[in-house]
Structure formats: C-alpha cells, structure tokens
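This report refers to the structure that appears directly beneath it.
First the proteins, then the strands, lettered A, B, ... as listed; each starts at 1.
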2 protein chains.
Amino acid sequence: MADASDPAERMALILTRGGMQRMTARVLCAVLFADQETITAGEIAERLVVSAGAVSGAIKMLEPVGMIERAPVPGSRRDHYRFPDDGWQRMMSAQNRVVDEMLQAAEEGIKQVAEGGPAERRLADMRDFYGYLMAELPALIERWQRDRAQA
Amino acid sequence: MADASDPAERMALILTRGGMQRMTARVLCAVLFADQETITAGEIAERLVVSAGAVSGAIKMLEPVGMIERAPVPGSRRDHYRFPDDGWQRMMSAQNRVVDEMLQAAEEGIKQVAEGGPAERRLADMRDFYGYLMAELPALIERWQRDRAQA
DNA sequence: CGTAGATTTCACGAATTTGCGAAAGTTGGG
DNA sequence: CCCAACTTTCGCAAATTCGTGAAATCTACG
C-alpha cells in the first residue's frame, strides 16, 4: 500500500513533477486520502514509512500556506491535522501569489526596458493576460461556491 | 546586469520558487526580456554567464512545451528563439496538464476508497473544484482574446 | 565537398537538497 | 511536581541535481 500503484503516492508524484517538494507532496496526499476526519503526524509517518522528523518538516511547509490545518481534538495530546474545507481555494491562492509576484516583476521590467521595443510588448502582453485572469478568477470561484451550495 | 536587481533575474527567481527549474527559468526570462525580436542560444549564454550546454538543456525543456519556439531566420546558421505569441496561454496549458493528471489520480483514488467516507468526500470535492475550473478556463481565455483583438 | 561557426551530448565534480536518527522541548495527566 | 506520549530541532550521511568543459555533431556557405 505504499508503492506507486497507490493513488495517493501517484498523486504525490504528480504534484512533485508540478514543482512541490517530494515529502511535502506525500504528506499532503496522505492527509487527502486518509479515510478519517483527521490524522496525526505519527499516523502519517507510519503510512509513508518515513521518520517523524520528515513529517514535521513537511507540515511546517503546508500549514502556513493553509493546505492543512490543525484540528482541535480535546482529550488527545497529539496534534490532529485535516485538509481544510476551502483547501483547494487556498491552494489556488498560493499559486496566484506567485503569479502576482511575476506581474510585479513584469511591471518593473517594463520600466527598465526600451519604450516601444519587443521586450516591452512581450511584458505588457504578459501583464495583460495574467492580470485579466487574476481579475476574473475570484468571480469564477465564487460562482463555483454558489453552484456547490445549491447541490 | 546579471545580479538579482535585474528584473529578468528577479522574475526567474520567482518562477523558480514557483516550481520551475532554475536554469529553465533563467533562460525563459532571458528570452522574455531580450530587447530584440529573436535571440540565439549563444546570446543567452553570454547574458546569463553560463555555459552553452546549460542553455541547450534548458531549451530542451522549454521548446517542447511551446514556451519558446525556433524562429526561422534565413541566412544565419545559428538557431534563433523567441517567445510565441500565444506563449502565455501555452504556459497555462502546461500547468493545466498537471491539474488534469491530478484529477485522474483523484478519480482512481475515489474508486479505491471506502464509499461515503471522508476521503471520498475530499477527493470528490477536489475533482469538482478543479473540474469546474478546467471547464471554465477555456471560455475565459477566449474572452480575453476577443477583448484583446478589439483593443 | 570542406570548413567555420554554432549547438548538442556526455561524463565528471560540486553543491544543494533530503530524510534519518537521536536528543531536546512541550503538553496534558496522574 | 513528575511522568509519559508526541513533536520539533539538529547534525550528518546519502542521494540527487546542476552546470561545466570538451568532444561530437550539425549546417549553411564558399
């Protein structure tokens, strides 16, 4: 249950190819695929057959981004984690933060590049395209939330 | 002109943090910020102060994904590269390909997980969210193209 | 065809990254 | 207050990644 035929591990692999750290991806997927409401760091380590330290490190990446959250579980001294309800939107936001930074870099680039030159045209194009997407995405997500609430 | 205060290098750094290989990102940004219609591999190597081999390797990543393209330039024995007109949309598509794979993995996961359990709910949620986005994005991009054509 | 300029390939060395193991730190219970 | 169960931190060794340098390959032109 820990080889590549495990869908969880497969997805982790895909995320890794998509740029996520390996261990981070594996921990995230372990949480996603866990057939329980919450899961402890120890359980994750057990399933992935990795050290507790490795899990701890991965959590330190995932938690601040909001892709997993600590779940208050009274009467237990270990930390329980779960995937937030709005986890996917958070993941999206994390992506968009990168795009935002790119837009800033593009803006600065435009300032420093010859006016009317090819570089300016390219960068302006980039700014327009991603700017448009970033502006429209929130509405799209909102619409999804509405549709989902009705279902 | 090759330090971190260079907007091109800055953007490359951002892309790297976003998951792209460092050299790949630097080459891409060199093409983007070049104030000429096309640029040769040699010129890229010169500006980035890296070996020709490194540039070659990066191009081998960027070209098949369509994020740079060879420009036919008669009367020159070196290859000229440029950023395609639809480069940003291609970049988007490349991203989406990863999402597609994730959706597949989610689908498989749903099959293997207990029916009605928390894992199934999470995975179905993921499928719905990203499925929705993937379905709506093309229309969004199309709209952008229309708006842009009018401007 | 031969040649000069340019790109790609390949193997090696370096540097970064990664995860483990163990010790230290926390937190709730007795 | 001490204990016990977890978690986090830290140093280290292994593995992977990265870019260079040099040789091989390619291509347009003479």
Side-chain angles (χ1 to χ4, degrees), chain A residues 2-4 8-9 12-31 34 36 38-65 68-82, chain B residues 2-4 8-9 12-13 15-31 34 36 38-65 67-82:
Chain A
D3 56 301
E9 290 291 349
L13 221 54
I14 293 167
L15 285 171
T16 301
R17 284 213 320 261
M20 191 178 284
Q21 310 280 38
R22 187 182 348 178
M23 204 59 208
T24 308
R26 291 186 70 198
V27 167
L28 173 61
C29 291
V31 174
Q36 13 179 310
T38 66
I39 188 172
T40 68
E43 287 171 327
I44 296 173
E46 191 185 342
R47 299 199 186 174
L48 299 182
V49 196
V50 296
S51 75
V55 175
S56 174
I59 287 178
K60 216 167 45 179
M61 310 280 281
L62 291 169
E63 213 247 332
V65 198
I68 63 175
E69 62 182 7
R70 288 187 151 80
V73 173
S76 169
R77 60 173 146 284
R78 26 192 191 175
D79 286 341
H80 289 243
Y81 295 97
R82 74 171 158 224
Chain B
D3 57 302
E9 291 292 348
L13 220 55
L15 284 170
T16 300
R17 285 214 319 264
M20 192 179 284
Q21 310 281 38
R22 184 178 355 169
M23 204 59 209
T24 308
R26 291 185 70 199
V27 167
L28 174 62
C29 291
V31 174
Q36 10 178 312
T38 67
I39 188 172
T40 68
E43 288 170 327
I44 297 174
E46 190 185 342
R47 300 200 186 174
L48 300 182
V49 196
V50 297
S51 75
V55 174
S56 174
I59 288 177
K60 217 167 47 182
M61 311 280 280
L62 291 170
E63 212 246 331
V65 199
M67 280 172 49
I68 63 175
E69 62 183 6
R70 287 187 152 80
V73 173
S76 167
R77 58 173 150 283
R78 12 186 203 182
D79 288 341
H80 289 243
Y81 296 96
R82 72 171 158 224

message: Using the side-chain heavy atoms of S56(B), tell me which of these nucleotides is nearest: dC20(C), dT8(D), dT8(C).
response: dT8(C)
field: Exceeds 12 heavy-atom contacts within 6.0 angstrom, atom CD of E63(A)
entry: yes
query: Is any side-chain nitrogen or oxygen of Q21(B) closer than 4.0 Å to OP1 or OP2 of dT17(D)?
result: no
field: Candidates dT8(D), dT7(D), dT7(C) - which lies nearest the side chain of T40(B)
entry: dT7(C)
- prompt: Which nucleotide in the list dA6(C), dT8(C), dT8(D) gets nearest to the side chain of R70(B)?
  reply: dT8(C)
message: Just to verify, which of I59(A), V27(A), T40(A) counts as forming a side chain to side chain contact (heavy atoms under 4.5 Å, CB included) with Y81(A)?
response: I59(A)
field: Candidate nucleotides dG19(D), dT8(C), dT20(D), ranked by approach to the side chain of S51(B) - the nearest
entry: dT20(D)
- request: Whole angstrom is fine here: how far is it from CZ in R26(B) over to P in dC18(D)?
  value: 13 Å
- request: Please figure out whether G42(A) or V55(B) has its closest DNA chain D nucleotide nearer the 5' end.
  value: G42(A)
task: Please say whether more than 12 non-hydrogen atoms of neighbouring residues, nucleotides or ligands are located less than 6.0 Å from CD in E46(B).
output: no
message: What's the separation between atom OG1 in T38(B) and atom CZ in R70(B), rounded to the nearest 0.5 Å?
response: 13.0 Å
query: Just how far, in rounded Å, is P of dG19(C) from CD of E46(A)?
result: 19 Å
Interatomic distance, M61(A) CE vs dT8(D) P [rounded to whole Å]: 15 Å
- prompt: So which nucleotide from dG19(D), dG19(C), dT8(C) ends up closest to the side chain of R22(B)?
  reply: dG19(D)
Distance, rounded to the nearest Å, where I59(A) contributes CD1 and dT26(C) contributes C1': 15 Å
- request: Check every strand shown and say whether A54(A) touches a base, only sugar-phosphate, or nothing at a heavy-atom separation below 4.0 Å.
  value: sugar-phosphate
- prompt: Which of the following nucleotides, dT8(D), dC20(C), dT8(C), is nearest to the side chain of V50(A)?
  reply: dC20(C)
- prompt: When the distance from CG of L48(A) to C1' of dT18(C) is rounded to whole Å, what number comes out?
  reply: 15 Å
query: Starting at CG of D79(B) and ending at C1' of dA6(C), how long is that distance when rounded to a whole Å?
result: 8 Å
message: Tell me the interatomic distance from Y81(A), atom OH, to dC6(D), atom P, rounded to whole angstroms.
response: 14 Å
message: With a 4.0 Å limit, can you tell me whether K60(B) has a side-chain N or O closer than that to the phosphate oxygens OP1/OP2 of dT7(C)?
response: no
- prompt: If we only count heavy atoms from C-beta on, is the L48(A) to E9(A) side-chain gap below 4.5 Å?
  reply: yes
query: Just how far, in rounded Å, is P of dT27(C) from NE2 of H80(A)?
result: 16 Å
- request: Under 4.0 Å between any heavy atoms, over every strand shown, what does A52(B) touch: base, sugar-phosphate, or nothing? Just pick one.
  value: base
